[in-house]
Amino acid sequence: MFKKLFFIFVVVAIMAIAAIPMWTDKMAEDAFKNPEKQISSENVKQAIQTRMYIYMYPDAKKLAEKAIIYFPESKNLPYFVYIAARSSEKSNEYMAAIHWYGYFIELFPSHEWTAQVKNSYTKLKAMYAPKAEPSPKKVK
């Protein structure tokens, strides 16, 4: 009896985990269909957070970038820009991460996350940004 219950529990747990991407897709899709609703921004944020928790960084990045476009006046805009940067970094898309971290600093210079963002921006820029070649000296 115990083995059957345990087996059923494991199967249900696996099905629930497998449904998370579908569930978050639906939540975000509905939010993007109705961007004028106040709850839409929060629903996208929740979908992004769920994707980040299960290490789906490229999907979280896509949602965050789309949210930046759809919700430019949202109170969650700092979160969306930060997640676009962080998920780019986690996906090894360093130039995109540099862009989004720089954009965050530009938009929110006095935000509570700005110091952390500046550290990540400086580190990535030093490691991955193309170095400017010195201009050759002209010989007379």
Side-chain angles (χ1 to χ4, degrees):
M1 176 68 177
F2 178 73
K3 287 181 182 181
K4 287 180 184 179
L5 287 176
F6 180 74
F7 179 74
I8 290 171
F9 175 76
V10 169
V11 169
V12 169
I14 290 171
M15 289 173 47
I17 291 170
I20 289 173
M22 292 181 292
W23 167 69
T24 56
D25 276 344
K26 179 69 172 141
M27 184 188 309
E29 184 180 303
D30 290 345
F32 290 131
K33 283 182 184 175
N34 301 303
E36 68 282 347
K37 289 185 178 178
Q38 190 133 10
I39 193 76
S40 293
S41 172
E42 290 296 324
N43 287 345
V44 172
K45 181 179 177 181
Q46 187 177 9
I48 291 170
Q49 286 174 333
T50 304
R51 294 283 173 109
M52 292 293 285
Y53 289 147
I54 58 175
Y55 304 102
M56 295 180 73
Y57 299 119
D59 293 339
K61 177 185 177 234
K62 288 176 190 173
L63 286 177
E65 289 173 342
K66 193 170 180 180
I68 292 166
I69 295 167
Y70 274 76
F71 307 108
E73 303 295 322
S74 170
K75 67 177 179 155
N76 293 318
L77 185 62
Y79 178 79
F80 296 145
V81 176
Y82 177 76
I83 291 300
R86 185 75 176 139
S87 58
S88 294
E89 183 179 0
K90 291 287 191 178
S91 300
N92 299 326
E93 297 177 26
Y94 300 115
M95 294 308 294
I98 290 168
H99 166 77
W100 287 117
Y101 281 136
Y103 190 61
F104 185 97
I105 294 165
E106 181 183 317
L107 287 180
F108 312 107
S110 59
H111 193 276
E112 63 187 271
W113 299 340
T114 301
Q116 177 184 348
V117 168
K118 282 182 181 177
N119 288 338
S120 297
Y121 176 77
T122 304
K123 178 186 81 171
L124 289 176
K125 198 165 181 186
M127 293 172 65
Y128 299 104
K131 309 286 189 265
E133 294 290 325
S135 59
K137 295 181 180 180
K138 293 185 179 181
V139 180
K140 291 186 182 183

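By the side-chain contact (heavy atoms from CB on, under 4.5 Å) test, Asn92 pairs with Tyr94, sequence neighbours left out. Evaluation of the side-chain hydrogen bond (donor to acceptor under 3.5 Å, both in side chains) rule for Ser74 yields Ser41 as partners, not counting sequence neighbours. For Lys125, the side-chain hydrogen bond (donor to acceptor under 3.5 Å, both in side chains) criterion is met by Tyr121, not counting sequence neighbours. When the side-chain hydrogen bond (donor to acceptor under 3.5 Å, both in side chains) test is applied to Tyr82, the partners found at least two apart in sequence or on another chain are Gln116. Among residues two or more places apart in sequence or in another chain, the side-chain contact (heavy atoms from CB on, under 4.5 Å) test is passed with Tyr70 by Phe32, Pro35, Lys66. Under the rule for a salt bridge (Lys or Arg N to Asp or Glu O under 4.0 Å), the partners of Lys75 that lie at least two apart in sequence or sit in another chain are Glu42. Under the side-chain contact (heavy atoms from CB on, under 4.5 Å) criterion, Pro58 pairs with Ser91, sequence neighbours left out. Shown here are the side-chain hydrogen bond (donor to acceptor under 3.5 Å, both in side chains) partners of Asp30, two or more places apart in sequence or in another chain: Lys26. Judged as a salt bridge (Lys or Arg N to Asp or Glu O under 4.0 Å), and not counting sequence neighbours, the contacts of Lys33 are Glu29.
Nearest heavy-atom pair across Ala84 and Ser87 is O-OG, 3.5 Å. When all heavy atoms are compared, the tightest approach of Ile83 to Ala60 is CG2-O, 4.3 Å. In plain terms, the two heavy atoms of Leu77 and Pro72 that are nearest each other are CD2-O, 3.3 Å.
Open room surrounds CD on Glu73; 12 or fewer heavy atoms of other groups in view lie less than 6.0 Å from it.
Using a 4.5 Å cut-off between side-chain heavy atoms of Ile, Leu, Val, Met, Phe, Trp and Tyr, with links allowed through other members, Phe71 and Val81 fall into the same hydrophobic cluster. Note on Tyr128: it clusters hydrophobically with Tyr57, by side-chain heavy-atom contacts below 4.5 Å among ILVMFWY residues. Tracing side-chain contacts under 4.5 Å through hydrophobic residues (I, L, V, M, F, W, Y), one never reaches Tyr53 starting from Met56; they form parts of separate clusters.
Counting heavy atoms from C-beta on, the side chains of Gln49 and Tyr79 come closer than 4.5 Å.
For residues 5-16, no pair satisfies salt bridge (Lys or Arg N to Asp or Glu O under 4.0 Å), with sequence neighbours left out.
How far CG of Asn43 is from CD1 of Ile48: 11.0 Å, rounded to the nearest 0.5 Å. Here the straight-line distance linking atom NZ of Lys90 with atom CE of Met52 works out to 7.5 Å at 0.5 Å rounding. In this structure, CG on Leu124 lies 11.0 Å from CG on Asn119, to the nearest 0.5 angstrom.
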Only distances under 3.5 Å count here; give the side-chain donor-acceptor pairs of residues 95-111 to other protein atoms, sequence neighbours excluded, each with its distance to 0.1 Å.
from, atom 1, to, atom 2, distance (Å)
Trp100, NE1, Glu65, OE2, 3.0
Tyr101, OH, Glu89, OE1, 2.6
His111, ND1, Trp113, N, 3.0

